[in-house]
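One structure below.
The first residue in the sequence is number 1, and the count goes up from there.
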Amino acid sequence: LYDAVDRREVDVAFTLLRREHPNIVVEKCFSEPMVGLRMVGEGVASKGEELVHPHELDPNDELYVYWGAAYQIWHDQWWDPVCPGRILLDTAQLVFSFFYHPRQWAIVPLSVARKAQKSGAYRIFRFAEGQPDRVCYKITHRYLQSGTIDSLKIMDRYLQDLVSSL
């Protein structure tokens, strides 16, 4: 995305990765908490949110998704980064294809967890030791063309409404 903005192939992009680039302006667009998610089942209540300490979770039961550098640092403080039993996934959507037992758990953005919880099959839990939020960044070229400036102002008004509704 950074290269596409730099080459002016796109006027604006949204990314979870913050990078420094001489021709790119990076702005925080929104953030949301990361939470734990499990299937409802034996030993996992279906109502209310519980508070879980990271040491209570077996890393062999984790469905792992990389959520950025700050998240990785926090994650590696609590669980072995090379745990052989952990299932590595590259998107939150894949988590639901690999859940098959209530012991399993994943860390996902709150918006993803709330949607899953509505199905009645999953339960959200919070961490007793706070983890970093997921941050989405808006990136644009540092030297915008005149027509692009007006278009981005219009988009920013709609974006503000959308972000305030999250």
Walk me through whether Leu37 and Ile124 qualify under side chain to side chain contact (heavy atoms under 4.5 Å, CB included). CA-CA 5 Å; Leu37 190 68; Ile124 296 172; 4.2 Å; yes
Taking salt bridge (charged side-chain N to carboxylate O under 4.0 Å, His left out) as the definition, give me every residue that meets it alongside Glu32, ordered by chain and number, with sequence neighbours left out. Arg134
Salt bridge (charged side-chain N to carboxylate O under 4.0 Å, His left out) with Arg18: which residues, sequence neighbours excluded? Glu20
According to the interplanar angle, ranging from 0 to 90°, do the rings of His75 and Tyr71 count as parallel (below 30°), tilted (30 to 60°) or perpendicular (above 60°)? tilted
Run the numbers on Tyr64 and Val95 for side chain to side chain contact (heavy atoms under 4.5 Å, CB included), then give the verdict. CA-CA 8 Å; Tyr64 175 84; Val95 166; over 6 Å; no
Going through the checks in order, is the side chain to side chain contact (heavy atoms under 4.5 Å, CB included) test met by Phe99 and Leu63? CA-CA 8 Å; Phe99 262 121; Leu63 303 174; 3.8 Å; yes
Using a side-chain heavy atom cutoff under 4.5 Å and only I, L, V, M, F, W and Y, what cluster partners does Ile139 have? Leu1, Tyr2, Val5, Val10, Ile24, Val26, Val135, Tyr137
What pairs of donor and acceptor atoms, side-chain ones from residues 143-159 against any protein atom, are under 3.5 angstrom apart with sequence neighbours left out?
{"residue": "Ser151", "atom": "OG", "partner": "Gly147", "partner atom": "O", "Å": "3.2"}
{"residue": "Asp156", "atom": "OD1", "partner": "Lys138", "partner atom": "NZ", "Å": "2.7"}
{"residue": "Asp156", "atom": "OD2", "partner": "Lys138", "partner atom": "NZ", "Å": "3.1"}

In this structure, CD1 of Ile107 is separated from CG of Leu57 (nearest 0.5 Å) by 7.5 Å
Value for CD (Gln117) from CG (Leu110), rounded to nearest 0.5 Å, stands at 9.0 Å
Single-linkage hydrophobic cluster Phe30~Val25, side-chain heavy atoms < 4.5 angstrom: no
On a heavy-atom basis, the closest approach of Trp105 and Asp58 is NE1-O, 2.9 Å
According to side chain to side chain donor-acceptor pair (under 3.5 Å), does anything in residues 77-95 pair up with another residue at least two apart or in another chain? List the pairs. Glu62-Arg86
Considering residues at least two apart in sequence or located in another chain, which fulfil the side chain to side chain contact (heavy atoms under 4.5 Å, CB included) criterion with Ala128? Leu51, His53
